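Structure record follows, encoded as structure tokens.
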Amino acid sequence: MVAIRFIAVDGSAQTIDATVGISLMENAVANGVEAIEAICGGNAYCGTCRVHVEPEWRKITGPITEIEEPMIEASGDTDPGVRLSCQIEVTEALEGLVVHTPESQS
Ligand code: FES
């Protein structure tokens, strides 16, 4: 288990014990992070699982992947740390990760 913190637009925070080997989105949904709707179930098709990764973590979570690009572009989300959480696999390296959820998902 790795601790991952989700911070909502209103500043409220929720730290979850995430399971390694599944996506950040799946972990968020399993732990009741309300801002992660994930309507498409992880197919990079809905954009309702977006997170904004804090700057110091972006090297570890990596850049937007090719599969994410169209949906992120369509969402109009220009945050430099934006990712689809369904495309981020949780690993031990993410212990202590902090992400923000966008206003459109609040
Ligand atoms: S769950 Fe739909 S884009 Fe990630």
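Side-chain atoms are counted along with the backbone in the values below, which use heavy atoms only and exclude waters and symmetry mates. Owing to the predicted nature of the structure, the values given are computational and were not obtained by experimental measurement.
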Atom CD of Glu69 with >12 non-hydrogen neighbours under 6.0 angstrom
yes
Please determine whether residues Met1 and Met25 belong to a single hydrophobic cluster, defined as Ile, Leu, Val, Met, Phe, Trp and Tyr linked transitively by side-chain heavy-atom distances below 4.5 Å.
no
Candidate pair Leu84 and Ile72, rule side-chain contact (heavy atoms from CB on, under 4.5 Å), full reasoning
CA-CA 8 Å; Leu84 297 179; Ile72 287 177; 4.1 Å; yes
Pairwise side-chain contact, Ser85 with Ile36, heavy-atom cut-off 4.5 Å (strictly under):
yes
Could you measure the distance from the CZ atom of Arg5 to the CD atom of Glu54? Nearest 0.5 Å is fine.
9.5 Å
Is Met71 reachable from Val99 through a run of I, L, V, M, F, W or Y residues, each pair having side-chain heavy atoms under 4.5 Å apart?
no
Taking C-beta and beyond as the side chain, do Ser104 and Arg50 meet within less than 4.5 Å on heavy atoms?
yes
Tell me whether Thr15 contacts the main-chain N or O of Ile4 through its side chain, where contact means a donor paired with an acceptor under 3.5 Å.
no
Side-chain contact test, heavy atoms from C-beta onward, threshold under 4.5 Å: evaluate it for Pro102 versus Asp79 and give yes or no.
no
Would the distance check show the side chain of Thr61 and the main-chain N or O of Trp57 forming a donor-acceptor pair, the cut-off being under 3.5 Å?
yes
Using a cut-off of 6.0 Å, state whether more than 12 heavy atoms not belonging to Glu73 lie near its atom CD.
no
Locate the shortest heavy-atom distance separating Cys86 from Cys49; write the atom from each residue and the value.
N-SG, 3.6 Å
Over all heavy atoms of both residues, which pair between Gly21 and Glu89 is shortest? Give the atoms and the distance, please.
CA-OE2, 3.5 Å
From Ile60 atom CD1 to Leu94 atom CG, the distance as rounded to the nearest 0.5 Å:
7.0 Å
Glu56 atom CD, over 12 foreign heavy atoms within 6.0 Å
yes
Val82 with Val9, same ILVMFWY side-chain cluster at under 4.5 Å
no
What I'd like to find out is whether the side chain of His52 reaches to under 4.5 Å of the side chain of Asp77, using heavy atoms alone.
yes
For Glu95 versus Val2, what's the shortest heavy-atom pair and its separation?
OE1-CA, 3.2 Å
Hydrophobic clustering (ILVMFWY, side-chain heavy atoms < 4.5 Å, transitive) - are Ile88 and Val20 grouped together?
yes
Between CD on residue Glu34 and CD on residue Gln105, distance to nearest 0.5 Å:
12.5 Å
Which atom of Ile7 lies closest to which atom of Ala13, heavy atoms considered:
CG1-CB, 4.1 Å
Look only at the side chain of Asn31 and the backbone of Val33, and say whether a donor-acceptor pair between them is shorter than 3.5 Å.
no
Kindly indicate whether the side chain of Ile64, heavy atoms from C-beta on, has any atom under 4.5 Å from the side chain of Arg83.
yes
What's the shortest heavy-atom distance between Cys46 and Cys40, and which atoms?
SG-N, 3.5 Å
When every non-hydrogen atom of Pro80 is compared with those of Arg58, the smallest separation belongs to CB-NH1, 3.7 Å
Exam field: side chain Thr48 to backbone Ile39, donor-acceptor pair closer than 3.5 Å:
yes
Are any non-hydrogen side-chain atoms of Leu24 and Phe6 less than 4.5 angstrom apart?
yes
Should Val90 and Val29 be regarded as members of a common hydrophobic cluster, given that ILVMFWY residues are connected when their side-chain heavy atoms come within less than 4.5 Å of each other, either directly or indirectly?
yes
